[in-house]
Amino acid sequence: VCVPNSCPQPQPGDNCGVPIVVSLPADLAYADANTTIGRGDNYETTCMGSYDGGDDIIYELNVTSTVCVDIVMDGDTIWGGIGVDAACPLDASNCVATATTSADPDVISGLLLTPGTYYLMADTFPSPHDMTFDLTITACATGACCTGATCQDISQAECDNLGGVYLGDGAPCTPD
């Protein structure tokens, strides 16, 4: 039982009510060294499957214009995972992307986000119960994308979304 004014106050990232806020694309390239230690296992039935059984941390991604991002979480365990969802907590009906394998780092690449609010959760398999990690969110690589007689320097995800032909990262639109 907490004595008045002695209970710990939620810190940014502890839950959906107090997420760590990231504005995209304004905050690119984003980097954060953080931990799930002591944050609590608030969300266990998410689109991350069994990779949501440990302490979790929540980021709110406020996307102001369409952006393609690569998200990398490099944790101190191979049992960490990340998920991006259109709602918080993350559920299967709103899940946008996950990286939940026994690999390190966990990577979501070429994620095309339209304007709106998304939530990113980092969590672990039930054992270990927590982790320390580095999270980076960077803009996708760009290159020439041909759509009919038009060429644009955009990401492969954006090009695919337009039905174009992507000529490769760094490929120029000129000379032709």
Side-chain angles (χ1 to χ4, degrees), residues 9-77 79-101 103-125 130-142 145 153-162 169:
Q9 295 299 308
Q11 297 300 308
D14 282 355
N15 58 51
C16 292
V18 287
I20 296 169
V21 178
V22 181
S23 295
L24 298 175
D27 290 342
L28 292 176
Y30 178 81
D32 186 35
N34 220 313
T35 184
T36 64
I37 297 170
R39 292 185 180 273
D41 183 13
N42 298 302
Y43 310 107
E44 287 188 341
T45 55
T46 73
C47 63
M48 292 174 58
S50 52
Y51 282 82
D52 63 4
D55 287 355
D56 36 59
I57 186 170
I58 303 291
Y59 294 81
E60 180 179 287
L61 308 178
N62 291 323
V63 179
T64 57
S65 62
T66 299
V67 63
C68 180
V69 294
D70 295 326
I71 303 171
V72 177
M73 183 197 63
D74 191 1
D76 63 356
T77 176
W79 301 110
I82 51 176
V84 177
D85 204 304
C88 196
L90 288 65
D91 68 43
S93 66
N94 297 307
C95 198
V96 176
T98 60
T100 55
T101 63
D104 196 34
D106 292 286
V107 178
I108 298 172
S109 61
L111 180 59
L112 189 59
L113 297 172
T114 57
T117 302
Y118 301 86
Y119 296 89
L120 183 149
M121 183 170 87
D123 205 334
T124 61
F125 202 75
D130 48 46
M131 68 178 165
T132 298
F133 63 92
D134 292 315
L135 177 74
T136 57
I137 305 173
T138 56
C140 297
T142 62
C145 173
D153 183 33
I154 58 178
S155 70
Q156 182 172 358
E158 292 166 302
C159 187
D160 293 346
N161 192 50
L162 293 173
D169 294 349

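These numbers come from a predicted model, not from an experiment.
- For the atom pair SG of Cys140 and CD of Glu158, the computed distance is 7.0 Å after rounding to the nearest 0.5 Å.
- The shortest distance between side-chain heavy atoms of Val84 and Ile108 falls below 4.5 Å.
- The disulfide (SG to SG under 2.5 Å) pairs that include a residue from residues 22-64 are Cys47-Cys95, where partners are two or more places apart or lie in different chains.
- Tyr51 and Asp123 get closest at one heavy-atom pair: O-CB, 3.3 Å.
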Q: Could you walk me through whether Asp134 and Asp32 pass side chain to side chain contact (heavy atoms under 4.5 Å, CB included), step by step?
A: CA-CA 6 Å; Asp134 292 315; Asp32 186 35; over 6 Å; no

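- Not a single donor-acceptor pair under 3.5 Å links the side chain of Asn94 to the backbone N or O of Asp91.
- Here the closest heavy-atom approach between residue Met73 and residue Leu135 is recorded as CB-CD1, 4.2 Å.
- Ion pairing of Arg39 with Asp55 is absent here, as no side-chain N (NZ or NE/NH1/NH2) approaches a carboxylate O to less than 4.0 Å.
- The shortest heavy-atom contact between Asp56 and Tyr43 is OD2-N, 3.1 Å.
- The CG atom of Asp106 lies 8.0 Å from the CE atom of Met48; values are rounded to the nearest 0.5 Å.
- Side-chain contact check for Cys159 versus Leu162: every heavy-atom pair is 4.5 Å or farther apart.
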**Q.** Full working for side chain to side chain contact (heavy atoms under 4.5 Å, CB included) between Val67 and Leu28
**A.** CA-CA 10 Å; Val67 63; Leu28 292 176; 3.8 Å; yes

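- Separating the CG atom in Leu113 from the OG atom in Ser65 is a distance of 10.5 Å, to the nearest 0.5 Å.
- Counting only heavy atoms from C-beta outward, the side chains of Val22 and Asn62 never approach each other to under 4.5 Å.
- Residue Leu111 comes nearest to Ala97 through the heavy atom pair CD1-CB, 4.1 Å, listed as atom of the first residue, atom of the second, then distance.
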(Q) Between Leu61 and Ile137, does the side chain to side chain contact (heavy atoms under 4.5 Å, CB included) criterion hold? Intermediate values first, please. (A) CA-CA 10 Å; Leu61 308 178; Ile137 305 173; 4.0 Å; yes

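- Smallest separation of non-hydrogen atoms from Tyr119 and Cys88: CG-CB, 3.5 Å.
- In this structure, the side chain of Asp104 engages the main chain of Gly75 through a donor-acceptor pair within 3.5 Å.
- Atom OG1 of residue Thr98 and atom CG of residue Leu120 lie 11.0 Å apart, to the nearest 0.5 angstrom.
- When every heavy atom of Asp70 is checked against every heavy atom of Ala141, the shortest pair comes out as OD2-N, 4.5 Å.
- Ring pair Trp79/Phe125 is tilted by interplanar angle, where 30° to 60° counts as tilted.
- Side chain of Thr46 to main chain of Ala92: no donor-acceptor pair is present (N/O by atom type, distance under 3.5 Å, no hydrogens or angles).
- Side-chain contact between Asn34 and Tyr59 is present, with at least one heavy-atom pair separated by less than 4.5 Å.
- In this structure, Ser23 contributes its side chain and Ala26 its backbone to no donor-acceptor pair below 3.5 Å.
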Q: Applying side chain to side chain contact (heavy atoms under 4.5 Å, CB included), run through Met121 and Ile57 and close with a yes or a no.
A: CA-CA 6 Å; Met121 183 170 87; Ile57 186 170; over 6 Å; no

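- Using a distance-only test at 3.5 Å, with no hydrogens or angles considered, no donor-acceptor pair links the side chain of Glu60 to the main chain of Ile58.
- Atoms CG and OG1, on Asp85 and Thr117 in that order, are 12.5 Å from each other to the nearest 0.5 Å.
- At least one side-chain heavy atom of Cys68 sits less than 4.5 Å from a side-chain heavy atom of Leu112.
- Separation of atoms OG1 (Thr35) and CE (Met131) is listed at 8.0 Å; rounding is to 0.5 Å.
- No donor-acceptor pair under 3.5 Å is formed between the side chain of Asp41 and the backbone N or O of Glu44.
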